[in-house]
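Heads up, the thing below is written out as structure tokens.
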Amino acid sequence: MSEWVIMILCTLGAIFILIAALGIYRMPDFYMRLTVTVKAGTLGVGCILGAVAFYFYDFAVSTKVFAIIFFLFITSPVAAFMISRTAFVSGIKMVNTPFVEDKGHDRKEVTEDDVEND
């Protein structure tokens with residue numbers, strides 16, 4: 001039974017990391033790439049570390065693994081926020097924003113030409 005849990009966790013971790021890699025390739029702007037990478041990559045590494053805890057089944061190893069998972073889940077969103085905030089302050093614009101409010105009444109579609117002209 002333990003082997004199945006380890007295989008499922010490793011497979012899920014690899015799939016999430018693959019999704020993160022494909023997200024970097026497919027997403028149109030920096031902010032979306034960062035979001036996909038942080039969310040899917042963190043979950044993928046967490047699943048693989050969970051499989052490591054099941055595989056070794058030792059209190060010392062499991063404690064270290066769960067401490068790593070805890071700190072990874074705490075620090076990844078904070079680091080992503082700081083990186084995205086720095087990018088925003090530096091002036092990196094969102095390329096593919098679907099709608100922008102025009103004086104609070106109408107909505108219009110934004111194209112890449114509109115973003116480049118600003």
Side-chain angles (χ1 to χ4, degrees):
M1 180 66 182
S2 177
E3 296 88 17
W4 284 100
V5 173
I6 294 168
M7 284 190 292
I8 289 171
L9 285 174
C10 282
T11 304
L12 282 174
I15 288 171
F16 281 120
I17 291 172
L18 177 66
I19 290 170
L22 291 175
I24 291 173
Y25 177 70
R26 297 282 302 177
M27 292 295 139
D29 66 348
F30 173 77
Y31 301 103
M32 289 185 192
R33 289 179 186 146
L34 182 67
T35 302
V36 169
T37 304
V38 169
K39 288 181 181 180
T42 303
L43 190 57
V45 171
C47 287
I48 290 175
L49 286 172
V52 168
F54 272 105
Y55 180 77
F56 287 106
Y57 199 69
D58 183 29
F59 181 73
V61 174
S62 297
T63 305
K64 291 174 187 174
V65 165
F66 288 122
I68 292 169
I69 291 172
F70 174 74
F71 286 118
L72 182 69
F73 280 11
I74 295 297
T75 58
S76 290
V78 174
F81 171 75
M82 293 173 68
I83 291 169
S84 63
R85 179 72 180 151
T86 303
F88 181 76
V89 170
S90 297
I92 297 175
K93 296 183 181 182
M94 290 184 233
V95 173
N96 211 10
T97 307
F99 295 101
V100 174
E101 291 187 24
D102 185 25
K103 298 183 183 177
H105 299 291
D106 299 331
R107 290 173 129 6
K108 66 176 186 174
E109 191 167 336
V110 175
T111 62
E112 289 185 24
D113 295 331
D114 295 333
V115 174
E116 291 174 2
N117 290 335
D118 287 341

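Predicted model, so just to flag it, every value in this text is computed and none were measured.
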Residues forming a side chain to side chain donor-acceptor pair (under 3.5 Å) with S76, sequence neighbours excluded: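 Scan of S76 (side chain to side chain donor-acceptor pair (under 3.5 Å), adjacent residues dropped) gives T42.
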Once you round to the nearest 0.5 Å, how far does [atom1] of [X] lie from [atom2] of [Y]?
X: M94; Y: M32; atom1: CE; atom2: CE; value: 8.5 Å
X: F81; Y: L34; atom1: CZ; atom2: CG; value: 11.5 Å
X: F16; Y: L43; atom1: CZ; atom2: CG; value: 4.5 Å
X: D29; Y: T35; atom1: CG; atom2: OG1; value: 8.5 Å
X: T86; Y: I92; atom1: OG1; atom2: CD1; value: 9.5 Å

List the atom pairs, donor and acceptor, that lie under 3.5 Å between side-chain atoms in residues 46-67 and the rest of the protein, sequence neighbours left out.
from : atom 1 : to  : atom 2 : distance (Å)
S62  : OG     : D58 : O      : 2.9
T63  : OG1    : F59 : O      : 2.6

Sole candidate of F30, Y31, F88 that passes side chain to side chain contact (heavy atoms under 4.5 Å, CB included) when paired with I83: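 Testing each of F30, Y31, F88 against I83, the sole residue satisfying side chain to side chain contact (heavy atoms under 4.5 Å, CB included) is F30.
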F73 with I68, same ILVMFWY side-chain cluster at under 4.5 Å: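 Yes; tracing contacts between hydrophobic side chains, which count when under 4.5 Å, links both residues.
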Remaining members of hydrophobic cluster (4.5 Å side-chain criterion), I74: F70, F71
Min side-chain heavy-atom separation I24-V36 under 4.5 Å: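 Not touching, per the 4.5 Å side-chain cut-off.
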